Chemist: 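Sharing a structure with you now.
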Amino acid sequence: MAKRKSLKGYYLTTFLIGLGFFTMGLMDPLYDTYVPIFLRNFIESNTIVGLIMTFDNVLAIFLIPIFSALSDRVDTRIGRRMPFIVTLLPIAAVLFGLIPFSALSSLWLLIALVFCFNLSKQAVRGPVVALMPDMVPGDLRSEANGVINTMGGIATILGTVALARLMDVYIKLPGQEEPVNEILAFPVASLFVILAVVLLFIFVKERSSQVPREKAAKEKKESILQSLRHVVGEKDKSALFILISLLCWFISYQGVLPFVGLYSEEVLGTSSGTASLAAGMVGIAYAIFAIPSGKVAHRFGRKRTIRVSLVCLVAVTLLVFVHSFVTASWNPTVRLVSFWALLFLFGIFWVSVVTNSFPMLWQMSDYTTVGIYTGLYYFFSQAASIIAPPIAGGCIDLFGYPALFVFTAIFFAIAWITMSKVDRGEPEDLAVEA
């Protein structure tokens, strides 16, 4: 048996590639925490807030597969992913910085700006993600994915623990009679995103496409829908079942994520600046455990690591459900800290799922189809983002916030079952690479 390669020679490259994930890790938690709060200034129903929070995901389900596949077919002097990254990410950063200012004006301006922001962010997400498997061998991608998820976790910590504190700072704006808060974190985060794009462009050099002309021409004729039909029609259903599994676990994650900030404010009584620390606990766990989770999967297998993590996620979310009742009479500070501790545990096992699932799917692709498989991953994950928030919001409206955590546990359990049907995606399942 051939000795497995070490990631040692790829660490620097992987950390630099992780700057792209850093930008997403910085913007996404702030967006998920505060946009629902901005919307609640205009809308009372959690169900409607949940529906609006799916707006960006409707764009994503179309844009990510299209731009992922499109970046497979581009071959420029600066690479095939980089042209999308250096144009669309700065646009997304500027629009992101303007979101809280639009919330001071009207609901419709807020929705319009969110729409434009997500057009650029979701279009660039696929090329950002597909950059790593272009440059790292297949048997090292779990560990590499751990490294770049660490970058995303660091960004989440920066955004939710540090920058979010700026949301409590009052500033005087032209046209406003009184100083306002819930502004500064967004434009400051935008500056970090632009800086990350500059560093990524300077230090990451994509390899030239080595795909034969005839093979590239064949891939240009294959649409995303044809790729999906191909996956469904395969005799080995591993790719299909991992896509179904990630649909279920993202329904769990995307159902709970938009509401933990509101839960923190409305149930636990935190301020706006502190509300984001719930998501921040997940980010801290990301940063600490992303690399170890890749190493664990490298030793014990990706599938086994994911299924054990899903069992633990079911247990943790049920503990959060119980926590909402048991701690009702506790000291508010103790109640809040214990909630954060449970979310930290949630983050440990969640990052173990995310770190290892993408490499399993990439292992089933080759150099010319990495973008297409990346697009399929996001097609299913964003479908979950459309399905989950309105259903989760409806559960809250009907049964209260504790029902949210039961909803989450159920879909993690379903994902555990469907993952048992996956038979490929381990490092030894060698994919065809250019």
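Note that the structure is a prediction, hence the values are computed from the model and not measured. The basis for the numbers below is simple: all heavy atoms, side chains too, and nothing from hydrogens, waters or symmetry mates.
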Chemist: For Arg81 and Pro127, indicate whether the former's side chain and the latter's backbone hold a donor-acceptor pair under 3.5 Å.
Modeler: no

Chemist: Please report the closest heavy-atom contact between Val282 and Gly347, naming both atoms and the distance.
Modeler: CG1-CA, 3.9 Å

Chemist: So, for Thr76 and Pro83, which heavy atoms are closest and what is the spacing to 0.1 Å?
Modeler: OG1-CG, 3.4 Å

Chemist: Evaluate the side-chain proximity of Val322 to Leu318: yes if any heavy-atom separation is below 4.5 Å, no if none is.
Modeler: no

Chemist: Nearest 0.5 angstrom please: Thr305 OG1 to Met360 CE, how far?
Modeler: 9.5 Å

Chemist: To the nearest 0.5 Å, what is the distance between OH (Tyr377) and OG (Ser357)?
Modeler: 3.5 Å

Chemist: Using residues 386-409 as the side-chain source, report each donor-acceptor pair under 3.5 Å to any protein atom, sequence neighbours left out, with the distance given to one decimal.
Modeler:
{"residue": "Asp397", "atom": "OD1", "partner": "Asn46", "partner atom": "ND2", "Å": "3.3"}
{"residue": "Asp397", "atom": "OD2", "partner": "Thr47", "partner atom": "N", "Å": "3.0"}
{"residue": "Asp397", "atom": "OD2", "partner": "Thr47", "partner atom": "OG1", "Å": "2.5"}
{"residue": "Tyr401", "atom": "OH", "partner": "Glu266", "partner atom": "OE1", "Å": "3.2"}
{"residue": "Thr408", "atom": "OG1", "partner": "Leu404", "partner atom": "O", "Å": "3.0"}

Chemist: In this structure, are over 12 heavy atoms from other groups packed under 6.0 Å from Arg40 atom CZ?
Modeler: yes

Chemist: Grab the two heavy atoms, one from Ile348 and one from Ala285, that are nearest each other, plus how far apart they are.
Modeler: N-CB, 3.5 Å

Chemist: Would you please test Phe411 and Phe250 for side-chain contact (heavy atoms from CB on, under 4.5 Å) and show each step?
Modeler: CA-CA 9 Å; Phe411 278 92; Phe250 274 108; over 6 Å; no

Chemist: Side chains of Met24 and Val124: closer than 4.5 Å at any heavy-atom pair?
Modeler: yes

Chemist: Can a cation-pi geometry be assigned to Arg335 and Trp330, taking NZ or CZ under 6.0 Å from the six-membered ring centre and within 45° of the ring axis?
Modeler: no

Chemist: How many angstroms lie between atom CZ of Phe380 and atom CG of Leu247, to the nearest 0.5 angstrom?
Modeler: 7.0 Å

Chemist: If you round to the nearest 0.5 Å, how far is CG of Leu26 from CG of Leu191?
Modeler: 10.5 Å

Chemist: Side chain of Thr33, backbone of Leu30: donor and acceptor closer than 3.5 Å?
Modeler: no

Chemist: My understanding is that only residues two or more places apart in sequence, or in another chain, count here; which of them pass side chain to side chain contact (heavy atoms under 4.5 Å, CB included) with Ile284?
Modeler: Ile157, Val161, Met281, Ile288, Phe344

Chemist: Can you list everything that forms a side-chain hydrogen bond (donor to acceptor under 3.5 Å, both in side chains) with Tyr31? Sequence neighbours excluded, please.
Modeler: Asn118

Chemist: Checking Tyr253 now: which residues fulfil ring pair (Phe, Tyr, Trp, His ring centres under 6.0 Å) with it, not counting sequence neighbours?
Modeler: Trp350

Chemist: Taking the side chain as every heavy atom from C-beta outward, state whether Phe192 and Leu158 have any atom pair closer than 4.5 Å.
Modeler: yes

Chemist: Any pair with a residue in residues 96-115 that passes salt bridge (charged side-chain N to carboxylate O under 4.0 Å, His left out), sequence neighbours left out, goes on the list, sorted by first then second residue, please.
Modeler: none

Chemist: Using modelled atom types only, decide if a donor and an acceptor are shared between the side chain of Ser245 and the backbone of Met419 within a distance under 3.5 Å.
Modeler: yes

Chemist: What pair of heavy atoms forms the shortest contact from Ala415 to Cys248, and how long is it?
Modeler: CB-CB, 3.8 Å

Chemist: Show me the pairs that pass salt bridge (charged side-chain N to carboxylate O under 4.0 Å, His left out) and involve residues 23-35, at least two apart or across chains.
Modeler: Asp28-Lys121, Asp28-Arg125

Chemist: Going through the checks in order, is the side-chain contact (heavy atoms from CB on, under 4.5 Å) test met by Leu342 and His323?
Modeler: CA-CA 9 Å; Leu342 287 172; His323 175 275; 3.9 Å; yes

Chemist: List the steps and the verdict of side-chain contact (heavy atoms from CB on, under 4.5 Å) for Val193 and Met27.
Modeler: CA-CA 8 Å; Val193 172; Met27 292 188 290; 3.9 Å; yes

Chemist: How would you list, by chain and number, every residue that makes a side chain to side chain contact (heavy atoms under 4.5 Å, CB included) with Val353, sequence neighbours excluded?
Modeler: Trp249, Ile306, Ser309, Leu310, Leu313

Chemist: Under 3.5 Å, side-chain donor or acceptor atoms of residues 94-108 against the rest of the protein: list the pairs with distances, not counting sequence neighbours.
Modeler:
{"residue": "Ser102", "atom": "OG", "partner": "Ile99", "partner atom": "O", "Å": "2.6"}
{"residue": "Ser106", "atom": "OG", "partner": "Leu109", "partner atom": "N", "Å": "3.1"}

Chemist: Look only at the side chain of Ser420 and the backbone of Ile417, and say whether a donor-acceptor pair between them is shorter than 3.5 Å.
Modeler: yes

Chemist: List for me each residue that meets side-chain hydrogen bond (donor to acceptor under 3.5 Å, both in side chains) alongside Ser381, sequence neighbours excluded, and say none if there are none.
Modeler: none

Chemist: Has Lys303 got a side-chain atom pairing as donor or acceptor with Val422's backbone, closer than 3.5 angstrom?
Modeler: yes

Chemist: Which one of Leu131, Leu89, Val128, Leu70 satisfies the side chain to side chain contact (heavy atoms under 4.5 Å, CB included) criterion with Phe84?
Modeler: Leu70

Chemist: Do Val308 and Phe300 have side-chain heavy atoms sitting under 4.5 Å apart?
Modeler: no

Chemist: Do the side chains of Ile37 and Glu182 get nearer than 4.5 Å, heavy atoms only?
Modeler: yes

Chemist: Suppose we screen for side chain to side chain contact (heavy atoms under 4.5 Å, CB included). Which residues come up paired with Leu119, at least two apart in sequence or across chains?
Modeler: Leu59, Leu63, Phe115

Chemist: Run the side chain to side chain contact (heavy atoms under 4.5 Å, CB included) test against Val169 and tell me which residues pass, sequence neighbours left out.
Modeler: Leu166, Ile171, Leu184

Chemist: When rounded to the nearest 0.5 angstrom, what distance separates CG in Leu336 from OG in Ser264?
Modeler: 6.5 Å

Chemist: So which atom in Val197 and which in Ile85 form the shortest heavy-atom distance, rounded to 0.1 Å?
Modeler: CG1-O, 4.2 Å

Chemist: With a 3.5 Å cut-off and no angle check, do the side chains of Ser71 and Arg80 form a donor-acceptor pair?
Modeler: no

Chemist: For Phe38, enumerate each residue passing the ring pair (Phe, Tyr, Trp, His ring centres under 6.0 Å) test, keeping only those at least two apart in sequence or located in another chain.
Modeler: Phe186

Chemist: Within this structure, what is the OH-CG distance for the pair Tyr263 and Leu343, rounded to the nearest 0.5 Å?
Modeler: 9.0 Å

Chemist: Specify the closest pair of heavy atoms between Met151 and Phe22, including all atoms of both residues, with the distance to one decimal.
Modeler: O-CD1, 3.7 Å

